[in-house]
Structure formats: structure tokens, C-alpha cells
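Whatever order the structure lists them in is the order used to number ligands and atoms, beginning at 1.
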Amino acid sequence: AVTRTFSIIKPDATRRNLTGAVTQKLEEAGLRVVASKRIHMTRDQAEGFYAVHKERPFYGELCDFMTSGPVVVQVLEGEDAVKRNRDIMGATNPADAAEGTIRKEFAESIEANSVHGSDSDENAKIEIDFFFSADEIVG
Ligand code: CMP
């Protein structure tokens, strides 16, 4: 089925001017960008978005990193969008990411790993709603 997922192009990628290169990989993987905006996340947004990781040792650093520069938040649409996006992103740790994936090609480290993608349809909806209103999504 055609579904939607949520993506973030992270500060390490925007800093290196890789917004287009990352988006091209997403599009080549069969995903369509149906919403996109460049924002500088506030601390509150980063802490809220990553609240599920609150107890993890890397939570503070993760929020520091995600507020360290601009990000591009996107809604992606395509056949089986969550899985399709996860496949093209590659493993969280670039050292484990497969050839041809975004993280293998572009990520700097497990933290500065260039992209975020939703891990389930349920979380995709929550994450899309966190950053976008319905009128900002044009399918
Ligand atoms: P993301 O998909 O955005 O979801 C949580 C993020 O936490 C993850 O990508 C990584 O950027 C980061 N992360 C996960 N594990 C670690 C770790 N061990 N150390 C630092 N950051 C991590």
C-alpha cells in the first residue's frame, strides 16, 4: 500500500550542503517528498521529539546535536514508505550500514548519522503530526 513516513535531514548533512544529495537518494528509492521545510529545532522540540529516548545515556548529546544547526523535516510517500525509507537510510551506525545507503555514503558517526526515519506506521503518524499541519502536506 502507498503510505507515508517522516524523515529528518540532520545538521551534519545540512552543514555539508547535502540536502539535495540526500533527497535524491530518497527519490531514487521510490519515495516522493510531499512536504518539506528547513527549520532550526528548538530545545523543546528536540526533547519532545526524542522523548522515547529520555532515559538513554546519549539523550542530552542527541538533543544538543539536533539543535546545533538547521534540519530539513520531510514527509515521504510511497509504496511501503517506512520500510523503503529505512532500507535506503541504512543501519543507525554508519559502520554497519550497507553499500549504497545514505548513512554509508554520508554519515559521520552513530550520532551525526545524516538522517532520521520513522520506525513504524504508527510512529510515522505521530512524528508527521509533531512537525506538520495537514495543509502543509501536498500529495
Ligand atoms: P535516530 O533515528 O534519529 O533516532 C535516535 C538517534 O539517536 C539515532 O538516530 C542516532 O542518531 C542516535 N543514537 C542512537 N544510538 C546512539 C548512541 N549509542 N550514541 C549516540 N547517539 C545514538
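The line from NE2 of His116 to CD of Glu127 is 3.5 Å long, rounded to the nearest 0.5 Å. The structure places CZ of Arg103 at 9.5 Å from CG of Asn93, a figure rounded to the nearest 0.5 Å.
Heavy-atom proximity to Tyr50, at under 4.0 Å, picks out these atoms of ligand 1: 1 (P), 3 (O), 4 (O), 5 (C). For ligand 1 and His53, the ligand atoms under 4.0 Å from any heavy atom of the residue are 4 (O), 5 (C). Of all atoms in ligand 1, listed by their number and element, those nearer than 4.0 Å to a heavy atom of Arg103 are 2 (O). Each of the following atoms of ligand 1 lies closer than 4.0 Å to a heavy atom of Asn113: 9 (O), 10 (C), 11 (O).
In terms of N/O distances under 3.5 Å, ligand 1 is approached by Glu111.
Salt-bridge check for Asp121 with Arg4: failed, with every basic side-chain N at 4.0 Å or more from each acidic carboxylate O. Between Glu77 and Arg32 there is no salt bridge, since none of the side-chain N atoms of the basic residue sits less than 4.0 Å from a carboxylate O of the acidic one.
Contacts between Ile110 and ligand 1, counted as non-hydrogen atom pairs separated by less than 4.0 Å, involve both the backbone and the side chain.
Taking the ring centre of Phe132 as origin, the terminal cationic atom of Lys37 falls inside the region bounded by 6.0 Å and 45° from the ring axis.
Between Asp44 and Thr42, the side chains place no donor N or O within less than 3.5 Å of an acceptor N or O (distance only, hydrogens not considered).
Of all protein heavy atoms, the one lying nearest to atom 20 (C) of ligand 1 is Phe58 CB, 3.6 Å.
Of the candidates Met66, Glu61, His116, Lys10, the one placing a heavy atom closest to atom 11 (O) of ligand 1 is Lys10.
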